[in-house]
There are 2 protein chains.
Amino acid sequence: MQITAYSYAGCLGVRTQKTYRQGQILKLVTRERVTSQDELRRRLRQLDLRVTQATLSRDLRELKLVKTAEGYKPLSAVAEETASLPPLTRAVREFLLDLRPAQNLLVLKTPPGGAQPLAAAIDGERWKEVAGTIAGDDTVLVIAPHRRARAEIQRRLEDLIR
Amino acid sequence: MQITAYSYAGCLGVRTQKTYRQGQILKLVTRERVTSQDELRRRLRQLDLRVTQATLSRDLRELKLVKTAEGYKPLSAVAEETASLPPLTRAVREFLLDLRPAQNLLVLKTPPGGAQPLAAAIDGERWKEVAGTIAGDDTVLVIAPHRRARAEIQRRLEDLIR
DNA sequence: CAGTGATCTGCATATTTATGCGTTCAGGAA
DNA sequence: TTCCTGAACGCATAAATATGCAGATCACTG
């Protein structure tokens, strides 16, 4: 027996359907690909929820759903907290895919386009162990004066990963 | 000495500034709040990168940057893989904040509006241990026939968290 | 090199999203 | 009750974003 009593949304006064509607939006969006607010509006209409696009624009903002190439998606809580971290921490978590030492050098791998911002973030720290950085498209070369310094930089970066 | 040789973007032929530009976009966007493509266009112009809004629209898509109330943000790799996970896994990771047992019941806490989709996802599994679910706004009550079943459901949900 | 296909980009415009303002109504306070 | 106040919402439209198409340049290939 599935009880499945969705929506006792009426408990705050039947007038406002906002809470119930937003729940349905979340449900819809996590299940299927919805690529525009107007499409969402039509899907909701099938559930007897009639609202305008304007209202959906407001709902989506409140629910922190963002438009991606694959439709609206929740901006995970993880991604959010990210915004308040120090620049280097953010950059490392966002872009650093791989890290390999080579004598006094450190080779960092990132997704395409990620090298520039990662290198910028490292430069921003002004660590004295860093002689310089060279950033391509998906690779950053960090140059240290000697192996000992390289090891220290490596340790710090690895610490930031989690 | 900071070498900081950004941008040897010319390496594939000077003509295309795409790679370099996208690197700068990433850098800009992770550092400051950019709320529209036109604003981004103006910031880039200060770096001597002159492109139209149309190009930025394409860049942002390629870089998987999404528009949020606080400006454009990277859709973290984490959030992405999420899209391909089973519905219940997604729902749990996205919405489940807290989980507490009470005899044969399980009380799940979610952010506002998250209860409906989470309950729907649980229902979708059609587990025989689940007698039914009741979803409010930020709370789901999962009803099991007895404590043993509740423990099993709890175990499965906890497994999904990570 | 001439030819071919792929990529990048701008332009113009279609499509989509955001928002100022006005209305309605629920929930108090008096 | 009657009068507030604030939330929810639609309407109209402004603002922002996406895209079809065409021109330009590059990377190859023969």
Side-chain angles (χ1 to χ4, degrees), chain A residues 7-26 28-29 32-45 47-75 112-113 116 137-138, chain B residues 7-26 28-29 32-45 47-75 112-113 116 137-138:
Chain A
S7 143
Y8 57 121
C11 44
L12 319 171
V14 181
R15 178 173 187 291
T16 290
Q17 46 173 3
K18 188 179 172 187
T19 298
Y20 175 65
R21 182 183 64 240
Q22 292 191 344
Q24 297 300 310
I25 290 174
L26 241 15
L28 265 174
V29 157
E32 52 193 270
R33 177 179 167 134
V34 182
T35 58
S36 81
Q37 297 177 7
D38 211 58
E39 180 182 336
L40 178 58
R41 189 181 56 74
R42 290 192 297 273
R43 300 290 281 101
L44 287 172
R45 192 156 51 78
L47 302 175
D48 268 316
L49 284 170
R50 289 147 201 276
V51 286
T52 59
Q53 170 269 324
T55 295
L56 297 183
S57 172
R58 295 172 183 127
D59 282 344
L60 294 179
R61 173 198 295 262
E62 286 177 27
L63 295 171
K64 295 184 192 305
L65 293 174
V66 298
K67 190 182 184 183
T68 73
E70 298 79 36
Y72 283 95
K73 289 191 189 176
L75 187 61
Q116 303 277 342
D137 177 37
D138 62 1
Chain B
S7 145
Y8 57 123
C11 48
L12 319 170
V14 180
R15 178 173 187 291
T16 291
Q17 46 173 9
K18 188 180 172 188
T19 298
Y20 174 64
R21 183 184 62 240
Q22 292 191 345
Q24 296 301 310
I25 290 174
L26 240 14
L28 266 174
V29 157
E32 52 194 270
R33 176 179 167 132
V34 181
T35 57
S36 80
Q37 297 178 5
D38 211 58
E39 180 181 336
L40 178 58
R41 188 180 58 72
R42 290 192 296 272
R43 300 290 281 102
L44 287 172
R45 192 156 52 78
L47 302 175
D48 269 317
L49 285 170
R50 289 145 201 275
V51 285
T52 60
Q53 170 269 323
T55 296
L56 296 183
S57 172
R58 295 170 182 127
D59 282 343
L60 294 179
R61 173 198 293 259
E62 287 176 27
L63 295 171
K64 296 187 192 303
L65 292 175
V66 297
K67 190 181 183 182
T68 73
E70 298 80 35
Y72 283 94
K73 287 192 189 175
L75 187 60
Q116 303 275 343
D137 178 37
D138 63 1

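Since the structure is predicted, the reported quantities are computational estimates derived from the model, not experimental observations. In the text below, chain A, chain B and the rest are named by the order of the sequence lines, each starting its count at 1.
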Mind checking [X] for me? I need base, sugar-phosphate or nothing, with any heavy atom below 4.0 Å counting as a touch.
| X | value |
| --- | --- |
| R61(A) | sugar-phosphate |
| S36(A) | sugar-phosphate |
| T55(A) | sugar-phosphate |
| R41(A) | nothing |

I want to check one thing: is the phosphate of [N], taken as OP1 and OP2, less than 4.0 Å away from some side-chain N or O of [X]?
| X | N | result |
| --- | --- | --- |
| R58(B) | dT7(C) | no |
| Q37(B) | dA15(D) | no |
| R21(B) | dC8(C) | no |
| K67(A) | dT17(C) | yes |

Query raised in the report: Want to settle it: does A54(B) or Y72(A) sit nearer the 5' end of DNA chain C, counting the closest nucleotide to each?
Result: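 Upstream on the strand: A54(B).
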
Report task. Please tell me which of the listed nucleotides, dC8(C), dT19(D), dA18(C), lies nearest to the side chain of S57(B)? Result ->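 Nearest listed nucleotide: dT19(D).
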
Nearest whole Å is fine: how far is [N] [atom2] from [X] [atom1]?
| X | N | atom1 | atom2 | result |
| --- | --- | --- | --- | --- |
| L60(A) | dC9(D) | CG | C1' | 15 Å |
| D59(A) | dC9(D) | CG | C1' | 10 Å |
| I25(B) | dT17(D) | CD1 | P | 13 Å |
| Y20(A) | dA8(D) | OH | C1' | 18 Å |
| D38(A) | dT17(D) | CG | C1' | 15 Å |
| E62(A) | dA18(C) | CD | P | 13 Å |
| K18(B) | dT9(C) | NZ | P | 7 Å |
| L44(B) | dG10(C) | CG | C1' | 16 Å |

**Report entry** Base of dA18(D) paired with side chain of Q53(B) (donor-acceptor, under 3.5 Å)
**Finding:**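 Under the 3.5 Å cut-off, the side chain and the base do form a donor-acceptor pair.
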
Do [X] and [Y] have side-chain heavy atoms sitting under 4.5 Å apart?
| X | Y | value |
| --- | --- | --- |
| E32(B) | L28(B) | yes |
| I25(A) | L56(A) | yes |
| L65(B) | D59(B) | no |
| R41(A) | Q37(A) | no |

Requested in this report: Using heavy atoms to find the nearest nucleotide of DNA chain D for L56(B) and V51(A) separately, return the residue whose nucleotide is more 5′.
Outcome: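 It is V51(A), whose closest nucleotide lies nearer the 5' terminus.
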
Report task. Show your working on salt bridge (charged side-chain N to carboxylate O under 4.0 Å, His left out) between D48(A) and R50(A) and close with a plain yes or no. Result -> CA-CA 6 Å; D48(A) 268 316; R50(A) 289 147 201 276; 3.7 Å; yes

